[in-house]
Each structure stands twice: as structure tokens, then as C-alpha cells.
Amino acid sequence: MKLQRLALAVAGAGMLAATAASGPALAATQGEPTPSWAKSAAQQPSAKAVAEACVNTVIWPTVAGTVGVAEVTAAKPPRADQYVPFNFAADVRSMTTWYLASNSSGTQDFAYGLFLQNGNLMRHTTVFPDEGDPRVTTTKVGAGWTAFKAVATSNYNVAAPVHSYLYGLNTDGKLYRYAKNGTGYKNLGNFGGFAAFKALTVISETPTYDTLLMTTKAGALYTIHIPITAAAKPVVKVIQASGWSAFESLVTQRCGVRGGTLVVGIDHDTNTGYQYAFGKANGKATVITSYGKVPATFDGVSHVAATWYKDQLIGE
């Protein structure tokens, strides 16, 4: 069974997701059910498929303890396929990327990732059965995470040396980095000077560095280039000095093989999202194209990407 890539084959079964140029995507025609994410079309992503698809898959936990899913196809205006929510966990504050994978025999598709639940760091494994809703299992990784307001992960595993880092933005104004260590995470230290920042995601994963995309409370947009060597300091570059203050979440997805990245910025106050296409990140010289408002309702407390676990972000 190939990994489920999420959108088209269900049309033949009469289970089309609502897609519209305006209005919430869940507003399907009466009698037309919104599909389950687990019922989506099977396609294992490749670099070619990713280049052709140019889709943001957005995942979000809600205050009701469910998870919402939408696929946002790059267009002017963007197109959205929104899926019926499924049960997840209560009291989720922040979440990291969902990495999609299959078991060794190729018979079972699943996703995994991390989230903050009150003061705990948690891990989830979400299994997508052939029939019925996704099945979620959660495990406590560790306590002491109350002061962290946002988290994100990198996952470079396409070639040696591989690394898997967890980044946490703390209320003490520092950015912390952790390395995966067995079933837990080892603290690699922190970087000061991040008190003004509020949203973070990963835009590049390479053998020698990660790059974060972050916004400030005042609305500036930055890249934070962080070498994997322990003693190296981040290289901070401003992309735009204003215009991003409304977004509490940034969701990135690779688009093409030349460093293109799709970004959906999400405003938690209005549950709205806007899609952008970024060229290779290069400070103020970065080319950004606005695709406009996404016709979906993003009613979550945190919004992240879902991506094949072997996909590499190359946005900087």
C-alpha cells in the first residue's frame, strides 16, 4: 500500500471534498459528505510528484480535541480540499510537522510527530486504516514544557549525516534546540534574542544546517539559519520588515526542486489563511508571490504541515 497523498480518488466514490473559490470548504452540498483523510488517494510522494503537486497539506488541533486537515493547492486564488475532523487529544497548545510513512511491508500507512499538551511534550502515532477513522496513540516524552509557546521539528534523513532536531520558542526570550536521543530529546543549548518572535516553522533541512522561518509580534519576517555544529551561532536575515503580524502559524511545503516553498500564514483570531509562493530565501531579495485567501476555515490552536518523512525542505 502506498502512502496516502490525500485528494482525488475519492471523487469517483461520490465523496468529494468541498472546493470553492470563496467560503468555508466544509460547506459541502447537502447530502454530499466531506471525506475522511484516511480515505484519500494513494500516492507515495517523489521529488517529481512534489514538484508537480505544489500543495500545502495543513494539519491543526482544535480546542474540541479533534484534528482538522486541509489541502491547499497553489493557484490564484488558492483551492482548498477540507476533510472531516477526527479525534486526537485534549489541551494541545502547539504541534510539530506530521511525518507520513508506511510500515516495512507497505501494508499500513501512519503519521508521527510531537505536540505540547499543557506542560508536557507528547508524541503521537496516527494510523490510517483502510476503513474508519484514523487511530491515534499518544505517549508522554517529558515534562517541564510549560514555558514553551511554540515548537517545530527538522527531519533530515535523505543521506548521511542525518539529524532530527526539535526547536522550542520559550517565554524567556530564547530559542532552544534539542536532538532526538532514543525515545527522548537531548538539550543542545539555546540562542538568545528571540523575545520579539511569535511564530516559527522550518524552511530548510540540510546535512549542515537547518533554517527556520519566523515572524515577530510587530510583523517582520525572518530566516534563522542554524548550523548543526554545537558552537555555531544563528545567522538572522530579515525578509520583510512588516506585514506578517496577523499570522500565529506558518505552514511550509516544498514546491519544486529549485528551492521553491509554499507558505500558508494563518491568523488564529479570524481562522483564516493566506497562501504564498517563496523563491529561494535570500534575505530582502527573496521573491514572494501572494496567491490570496484560502477558502477554508482554520479553527485550530496551532497549524503545521503534513509531509512524507523523506521529503527534504530546501527553501534556503
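In this chain, residues are counted from 1 in sequence order.
- Results of the side-chain contact (heavy atoms from CB on, under 4.5 Å) test with F194 over T216, I224, L200, D172 single out I224 as the only residue that passes.
- Here L221 contributes atom CG and F247 contributes atom CZ; the two are 10.0 Å apart, rounded to the nearest 0.5 Å.
- Note: the hydrophobic cluster containing V202 does not contain L250 (ILVMFWY, side chain heavy atoms under 4.5 Å, direct or indirect links).
- Comment: K280 does not engage E316 in a salt bridge, judged by the lack of any side-chain N to carboxylate O separation of less than 4.0 angstrom.
- In this structure, Y178 has its ring center no closer than 6.0 Å to that of Y167.
- When all heavy atoms of A281 and T223 are compared, the pair lying nearest together is CB-CG2, 4.0 Å.
- Judged by distance alone, with hydrogens and angles left aside, the side-chain atoms of R93 form a donor-acceptor pair with the main-chain N or O of N118 at under 3.5 Å.
- Judged by distance alone, the side chains of D109 and S102 do bring a donor and an acceptor atom under 3.5 Å apart.
- Of all heavy-atom pairs spanning S249 and A199, the tightest one is N-CB, 4.4 Å.
- Both L188 and F191 belong to a single network of hydrophobic side chains, linked directly or stepwise wherever heavy atoms of I, L, V, M, F, W or Y lie under 4.5 Å apart.
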Output, in order, the C-alpha distance, side-chain angles, deciding distance and verdict of side-chain contact (heavy atoms from CB on, under 4.5 Å) for V264 and I266. CA-CA 6 Å; V264 173; I266 297 170; 3.7 Å; yes

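- Ring orientation note: the planes of W145 and F148 are tilted relative to one another, at an angle of 30° to 60°.
- Judged by distance alone, the side chain of Q312 and the main-chain N or O of E205 form a donor-acceptor pair under 3.5 Å.
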side-chain contact (heavy atoms from CB on, under 4.5 Å), that's the test. Do F298 and V58 meet it? Break it down for me. CA-CA 9 Å; F298 297 101; V58 185; 4.0 Å; yes

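- Aromatic ring pairs are classed by plane angle as parallel below 30°, tilted from 30° to 60° and perpendicular above 60°; the pair Y99 and Y112 is tilted.
- Using a 3.5 Å distance cut-off with no hydrogens or angles, the side chains of N282 and T286 do not pair a donor with an acceptor.
- Here the shortest heavy-atom pairing between V141 and G184 reads CG1-CA, 4.1 Å.
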One pair to check against side-chain contact (heavy atoms from CB on, under 4.5 Å): L166 and K180. What are the steps and the verdict? CA-CA 8 Å; L166 168 64; K180 189 175 181 181; over 6 Å; no

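- Relative ring orientation between W98 and F86 is described as perpendicular, the plane-to-plane angle rising above 60° on a 0-90° scale split at 30° and 60°.
- Taking 4.5 Å as the limit, some side-chain heavy atom of F88 sits within range of a side-chain heavy atom of F115.
- A donor atom on one side chain and an acceptor atom on the other are not found under 3.5 Å apart for T229 and Y209.
- Defined by atom type and a distance below 3.5 Å, a donor-acceptor pair is present between the side-chain atoms of Q275 and N56.
- T206 and D210 form no side-chain donor-acceptor contact under 3.5 Å, judged by distance and modelled atom types alone.
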Might you work through the side-chain contact (heavy atoms from CB on, under 4.5 Å) test for L212 and I226, ending with a clear yes or no? CA-CA 8 Å; L212 306 186; I226 307 176; 4.1 Å; yes

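- In this structure, CD in Q253 is found 9.0 Å from CD in E71, a value given to the nearest 0.5 Å.
- Within the 3.5 Å criterion, the main-chain N or O of T153 finds no donor-acceptor partner in the side chain of T96.
- Within 6.0 Å of NZ on K149 lie more than 12 heavy atoms contributed by other residues, nucleotides or ligands.
- Relative ring orientation between H268 and H303 is described as tilted, the plane-to-plane angle lying within the 30° to 60° band.
- Rounding to the nearest 0.5 Å gives a distance of 10.0 Å between CZ of F278 and OG1 of T252.
- For the atom pair CG of N190 and CG of L175, the computed distance is 8.5 Å after rounding to the nearest 0.5 Å.
- With rounding to the nearest 0.5 Å, the separation of CG in L313 from OG1 in T211 is 10.0 Å.
- Listed for the R123 side chain is no donor-acceptor partner under 3.5 Å among the backbone atoms of T125.
- Taking the six-membered ring where the residue is Trp, the centroids of F197 and Y222 are separated by under 6.0 Å.
- Atoms OG1 and CG, on T146 and L116 in that order, are 9.0 Å from each other to the nearest 0.5 Å.
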